[in-house]
Structure formats: structure tokens, C-alpha cells
Amino acid sequence: MAPQPTTDQSLSPALLPIQALIEAEQQDFIDGADGRKRAGYFCAYTPPEVLNAAGLRHARLFKAGSPEIVSQGERYTQSVFCDFSKSCIGGFDPQGGDPFYRSVDKLYTFHTCASMKRATEVIERFVPTKLLNLPRLRNEPASRAFFRDEIAHYRDDVAELAGRPVTDDQVTAQIVLYNKVRGLIRQLSELRKRPNPPLTGRDVLELVRGFYYLPPEKLLDVYGKLYRKLSRVRDNGKRPVRLMISGSIMADGDRRLVELIEQEIGARVVVEDHCTGLKPFAHTLPEEGDPFQALADGYLDQAPCARMKPLDDSLDFSSRLAEEYAVEGVVYVYLKFCACYGVSKLEFIERLQSRGVPVLEISSDYSQSDHGQLKTRVEAFIEVLQDRRTDLALPSGQTEEFVHG
Amino acid sequence: MGDVLALERGGRASRRRPPRTAAESPGLKALKALAESYSYAAIQREAAAGKSAVWGGWSWDSPLIYACDTIPIGYDQLWFDDSRKSEAIAEDHFQVPGEFCSMIKAMIGRLHSDRDNNIKRILHFGSGCEPISAVLELAKRDGYDVQTVETVTAFRTDEKRAHGIKLLVSELQRIAVWLTGKPVDEDRVAVEIRRKNRVIAKVKRVLELRARHPLYIPGIHTKLIFMGANHMFGAPETYADVLDTLAAELEQLDEHPLPSTAIPLVLAGSVGNQRLFDAIEESGGAIVGWVYLGTNQYDETLPPLESLAHFVLDAQGRGDLGEAVGASVAYRRILVEEEVRKTGARGIISSSITGCPYASLMQQLERDHFSGVSVPIVTLETDVHREPPTEEQITRVKAFIEMLS
Ligand code: SF4
Ligand code: SF4
């Protein structure tokens, strides 16, 4: 039986079938009726191509956002970890964790930030875990060669979990397949370059969620259909204020800022410069030659996380994206205790401001207690952007009608 | 700096009658003088006179740095003084969020206020702490040349991968070229490795002797001995002489048991503050074992750069060089447990820096473990400032020791 569309009010109706598919897939993942091994991973630098080539069920584990799961994690950590890393631990907690996390047979963690490495060192008490190296120096040939070998090592471990060899041809085929899916996400996202985008930022987060939970073959079908449908929607001329969200990971479940911006205030998130939005899909992997070198190069060349060096690459990407999507302002959000985005926030903010893009800085966690204050700040920011638009567009004193919702 | 002390070589001090109290100890006086000669101001003076010096490189990599005729400077010099002022600069000028540790703030603040000084190169190991990695990016704004040794980690003691060793070797070659403009002289590195091994053997001997006379070398001096095991205060031969002198003094002491009123303790981590050591000693505590930095040797049978690579990957697994090398949080408690068993200690003082995610998790694991096996443990958090600890901290330490008596 086909999964029944959900009724989530925060999503455009066209996205509801995808949400239903995700939910059905997650239930199947938990049930494990097909007997296939299940692999989980945390970070956008983990190549799912290899997991899929091995015939594993797999998912990126980025469900977080609730204070309850944070407090599960706090049974093992102290407060100085970001709420995302605490939630990762909490999800695996044998007493009261998330059934989706608990059903994973093996966890793969590429060593992104030190907090996630630490979190994994706790989690390995609950589930078999493989930690892998991820270089920081994205432009050094020696680092690329090293990453290639590390991915081949990952392939060996994955093959052992799957109980079958993983051939080079299988990996190449998956690179080609995933490139198509990434391409579709880019195409869908590009619809947001229109003055009145046919899909919201909240919708795109759902598409990304789909990427990390659904098999790529299924994604080609559903994304393709969605693209055909949305690209026919007429641009009706409304022009919501265009925002980019930049910064730390935005977990599956951490939707309050986007919902506040889009549903309560009526502006529009047209692009995401974070690793659970458009950012990981901006790049196409090489499809020729040694597939492990292709994965190494492809993942190092993707839009960089702030933990990569040089940081300038991340700053450049951020401002290019803002320009490409003609954003009027950026909301820079970092999770408290996120070293990557918290300590370097000044660099991001100044770089964007130097390009004439106003930035609102938000330090966030999953406590949910600051809704009123957050709303006031975002509203004030949007008002400033509206005033700027009026100043820029209407020097002759005409008035402009803005879209709120 | 090598000639700040004119000690008799080869432990000749041992032939004299040893001082009855540590206050009269020539070894401790010499140690203190040597540590003072390795001050920020002294190194700056040497740099101004044309000596090559670099921030960092003081840990597992110090033989390479010495082989490049460069003085490696421990980051701790950055918060040795003016740390409050530096912290304020970090928060105001660089907008480092308040939740981060005093260590990174003092680092970046001090680098900023001394930006016109002569030491403009910073060496950093990517496997270590994330906040340091992030904050050093900000130092580039002040014209610092920051070089990162690529992130390579052995996540378990048995997981040293050949491609990780290979990458580290090529990274060390790259660093040598950065420091000197030419390829490294591997024979020189081999000489430095042998020298460091000799020094480490002496450190080990002094610590073993100290365990028999725990009240003779006070905590604050013991900390200096540990620090020297890493960077040798920029003067390896002088440091070796200091250790010989101390060993000779300790060997001459009469063997007698600890007074029955003394409470034997194991200290895990570093306590930077004299008043805390005083509090331990005034309450009758005796630090009979200390788990801080390891006293393991480099393998002299390997090619020298490979030897450095193996050393650091082993240290990560063993947990004995801390977050500077990205050590696993899971292992320190094993070393602590061994130390408790070996020394018969009645309690553990576990220390960390406030806001350090790495140390906080390690402490949490220690707390959980030792409570489970009924070994009393007290956890302390301090910052890098040199002001006296709070009354509350002192009271906690005293109450803990009283509870054990
Ligand atoms: S929020 Fe930052 S520190 Fe936390 S897991 Fe993500 S990148 Fe790491
Ligand atoms: S205290 Fe911890 S988090 Fe802070 S710089 Fe030191 S190791 Fe890093």
C-alpha cells in the first residue's frame, strides 16, 4: 500500500507525499523486516555511495531539536557540548533513546568536529562504531591521497558489515546515481531564484531530509515529478523578502526558526548555507577514474564546512551563494558551543557585510524557551530589510506592497 | 636559553648530602629558574635577536622543531600573564562567544595584543581541540602565519593505519620546509629523538622516585617536570641536568612511609594554581600518583619522521597527551585506575578547564566509572587565570580530603 500523505501544515501540499515516503521508510528501517543491515552516519562528509553500493539500508542521523533528547544526552555529557552532539548521544541512549537510532547496526563517523568525535566515543558504548579520518586541508594533494585511502578503508568495513564485496564498478555506478539526485536538488532549489519561489525554505529542508533517508532510485522518481510540477507553477509576482540561513547544522526537527521566518513573519528562506540545506548539493562528483579518488576529491571539493581549512573557502562560498540567490539578508545561526561556527562567526558576518548583505546573528539551542525574543529580533531584521528595499527600489517616494505569508 | 643555569652535569649533586626539605633543594630551584627562562618575554628577546621560534610544536613534534633550529613555545605562555585582558580582547574584538573556555580566549587575545612582536608563526595539529583550530583562524587577521599539520587520528590503540603514518611523514616534511625553507635533515631529527628519549627516561625516573617521597617535590614543581617532558623549556641539556639533580636528591632521601595522617591521592589532569596545591597539602593530602602527560619513548629503530608519527598515533590511543593530540576521552580513566592500583591512593582529584568539552566528558566518564567501583573522586574545574581559586573550590578540595581521613 502506498504511504498516505501527511497533513503537516508547515509544508507545501506538493511536498506531503515525500514526507509520507520518509515516514514509511523510517518505520521500515526500524522494523528491519528485509533483514538487511542498517548503517547510520552523522555528517555530510560521509559518502552514502559506498553504503548503497554494499546494499545496506542507511540514513544520516540528524534528528534533533527537542529538549527531551538533549537531556538524554546530558546523562553522559556536561553542558559544554552543543545540543546537536548531545542529541546524537541521547538518540542512542539504551534507556529512552530514539528507536530509529537504536535500530542502527553500525555507526560510521567521519571525524568532523572534536565534539562529534567525543560524542561518538560515548556512543560506541551502545552500538558498533567506526570512526574515520576526514582531512581539513582541502587543497593539499597529500590530504586528498590520504582521504582516498581512508574511504577505501571505509569501503572494507562497510563490505564486512554487508557480508559481501563492494566492487569499484558498483561504487562508480552509485556516484553517477547520486550525482543525478544532487543535480535534481539543485534544480529544485534553483526554482527559488524566482521572485516568488514555488517552494519554501521549509520545503527544501524536507527535500534534503528525503535525500538522507530515502534510497536514491526512489528519489530520482519523486524529485523528478516534483520538479516537473513546480517548474510549471506561474510566478505570480509576489516578492517575499529573500533570506539565506547560514551557520551550524540545522537538525531534522529543528524547524522553529524557518517556520517563524516563513509562517509567522512571511519572509522566505531562499537558500541555505548549512550542511542540512542546499550546501552539500552544490557540487558534482567526478564520474571517471578511480572511484575512491573521485569520492575523496568530490567530498573535499563540496562546499566546505567551517572546520575545513582554509576558512576563506567557506567564506567565499557563503558570499557567492548569497549573491547567486540574490538574498536581501542572512540569518547566521550557530549552536551554542559549536566551535566551528561560533568562534568563526565574526569572519562570516564581516565577509557578508562587506558584500553589502545585512546579517542577523542568532545563538541557538533546542531549549524552545526564547520564542518571543527570537520573533522580535527576526521581525525587526525583516523590517530593516523591507526598508532597505523601499529605499533602493523607490527613490521617487512610491510605496511598495510586501508579502506576509 | 641553554645556559641560564650552570649546573653540575651527570648527577654530581648526588654526592653531596641532600637538603632536608624541598625548600632548600638545588634541583627545584634550578627547575624554577629554567621554567622562568622559558618565559614569553625571554623567548621574544631571543626572537628579536634573530633566533627562530614558533608558537606550538612543543609536544610530540618537538624533536622535529629542534632539528629545524627553532624554539617551540608552549601555548600556555599565552595565558601566563595578562590573561584577563586577553580574554576581554577575545570577547570584544573577536566576538568569541562567552561560553567558550578561557584558554582559547586568552590565546587569541594575547596573540592580538602582541601582533607587532617577532614571533609570527604558529604551528597547530589538526587532530586536537576544535576551539583552538577555530580560534587560530582568527589569528590570521593579525598577520600570523598559521600552519596546520593535517588531522590524522588513530581512534583506537590498534588502529594505526599505514596511510595515516604516510601522511604524517609528508606533513612533517612540509612543516620543516615551512620552518627552514629546505627539506628536513632526518639525521638531525634522529639525534633530537634520541635526546628527547633520554630526557623522558629521566622524567620517568624522577616521577618514580617522587612517588616514594610524594611530599618532597610539591605539586606546582611536579607540574613543571611534566611540562618539560614535552618542550624541555627550550633547553634540553639544561633540563636533563635539572632532572639528574632532582633524581640524585631523591635517591639520597631515607626511605620512610608516608605519615599515617597523610591521605594518598591520585591527580588526573593539571591543576594550575598554587593555592589549590596548598589546599591539598594543608589538608593532609599527598599526591602519590599523577596522570597528566605520558613518559613514553619514541621508537628509535624507525626512520625518524615515522617514529614521530607512530608516537603521536599511539598517544592518541593511550590518552596521555590530552587534547593537544586529540586523545581519546575513553582512555585516561584507565591510566588513572592503574595509578590508583599502583599507589594505593584513597581518592582521586580530577581536574579540567571550565568550558572544555573534551575534559568535561573525560571527567564525566571518570566520575561514572569510579563511583561504580567505589573509589572516591572529586572533580574540579578551573580557568587559565592566575588569580587565587574561589573559596568554594578550596573548600571542596579540603572537604574531600577530610572525608577520606
Ligand atoms: S554544531 Fe558545531 S560543534 Fe556541534 S556538532 Fe555541529 S559542527 Fe560540531
Ligand atoms: S580547555 Fe579544552 S576546549 Fe579549551 S582550548 Fe584547551 S583543550 Fe581546547
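Quick note: numbers below take in every heavy atom, side chains included, and nothing from hydrogens, waters or symmetry partners. Letters A, B, ... mirror the listed sequences (proteins, then strands); counts begin at 1.
Heavy atoms closer than 4.5 Å to chain A are found in the side chain of B:Leu167, but not in its backbone. Using a 4.5 Å cut-off between heavy atoms, A:Arg125 touches chain B through its side chain atoms alone. No part of A:Ile349 comes within reach of chain B, as not one of its non-hydrogen atoms sits under 4.5 angstrom from that chain. Heavy atoms of B:Thr153 lying under 4.5 Å from chain A belong to its backbone as well as its side chain. Using a 4.5 Å cut-off between heavy atoms, A:Phe81 touches chain B through its side chain atoms alone. Looking at B:Ile108, there are no atoms closer than 4.5 Å to chain A (heavy atoms on both sides), in backbone or side chain. Contacts of A:Lys336 with chain B are made by both backbone and side-chain atoms, with heavy-atom separations under 4.5 Å. In this structure, the portion of A:Glu121 lying under 4.5 Å from any heavy atom of chain B is its side chain and not its backbone. Within the 4.5 angstrom heavy-atom criterion, only side-chain atoms of A:Glu124, from C-beta onward, approach chain B. In this structure, chain A has no heavy atom under 4.5 Å from any part of B:Ala359. Only the side chain of B:Glu381 has a heavy atom closer than 4.5 Å to any heavy atom of chain A. Residue contact with chain A, scored on non-hydrogen atoms closer than 4.5 Å, is absent for B:Ile132.
Looking at every heavy atom in both residues, B:Ser170 comes nearest to A:Ala142 through OG-CB, 3.7 Å. In terms of heavy atoms, B:Thr151 sits closest to A:Leu134 at CB-O, 4.1 Å. Taking each heavy atom of A:Ala339 and B:Ala134 in turn, the nearest pair found is O-CB, 3.6 Å. Residue B:Glu99 comes nearest to A:Phe337 through the heavy atom pair OE2-N, 3.1 Å, listed as atom of the first residue, atom of the second, then distance. Between B:His93 and A:Leu346, the shortest heavy-atom contact is O-CD2, 3.6 Å. A:Lys117 and B:Ala327 make their closest contact through NZ-O, 3.9 Å (heavy atoms, listed as atom of the first residue, atom of the second, distance).
Note: B:Arg141 leads B:Arg141, B:Gln363, B:Lys166 in heavy-atom pairs under 4.5 Å with chain A. When each of A:Thr120, A:Leu132, A:Val122 is scored by its heavy-atom pairs under 4.5 Å with chain B, the top score falls to A:Leu132. With respect to chain A, the highest number of heavy-atom pairs below 4.5 Å among B:Asp368, B:Val152, B:Thr354 belongs to B:Val152. Options B:Pro131, B:Gly128, B:Ser133, B:Cys101 differ in how many heavy-atom pairs under 4.5 Å they form with chain A, and the most are formed by B:Ser133. Counting heavy-atom pairs under 4.5 Å between each of B:Thr148, B:Val146, B:Val96 and chain A puts B:Thr148 at the top. Note: B:Gly355 leads B:Ala330, B:Cys356, B:Gly355 in heavy-atom pairs under 4.5 Å with chain A.
Taken from OG1 in A:Thr77 to CD in B:Gln364, the straight-line distance is 7.0 Å, to the nearest 0.5 Å. Remark: B:Arg161 CZ to A:Glu150 CD distance equals 4.0 Å, nearest 0.5 Å. Here the straight-line distance linking atom CG of A:Leu311 with atom CG of B:Leu138 works out to 8.0 Å at 0.5 Å rounding. Between the CZ atom in B:Phe94 and the OG atom in A:Ser344 there is a gap of 13.0 Å [rounded to 0.5 Å]. The distance from atom CG of A:Leu137 to atom CD of B:Gln147, rounded to the nearest 0.5 Å, is 8.5 Å.
Annotation: A:Glu160, atom CD; neighbour count of heavy atoms from other residues, nucleotides and ligands within 6.0 Å does not exceed 12.
We find that B:Glu150 and A:Lys309 are not joined by a salt bridge, their nearest charged nitrogen and carboxylate oxygen being 4.0 Å or further apart. Contact check on A:Arg136 versus B:Glu130 returns a salt bridge, with a Lys/Arg side-chain nitrogen under 4.0 Å from an Asp/Glu carboxylate oxygen. A salt bridge links B:Glu159 with A:Lys130: the closest approach of a Lys/Arg side-chain nitrogen to an acidic carboxylate oxygen falls below 4.0 angstrom.
Side-chain atoms of A:Arg148 and B:His163, non-hydrogen and from C-beta on, never get closer than 4.5 Å to each other. Contact check for A:Arg118 versus B:Tyr358: side-chain heavy atoms found under the 4.5 Å cut-off.
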Starting from the C-alpha separation in whole Å, work towards a yes-or-no answer on salt bridge (charged side-chain N to carboxylate O under 4.0 Å, His left out) for B:Lys140 and A:Glu347.
CA-CA 11 Å; B:Lys140 292 179 181 168; A:Glu347 295 277 11; over 6 Å; no
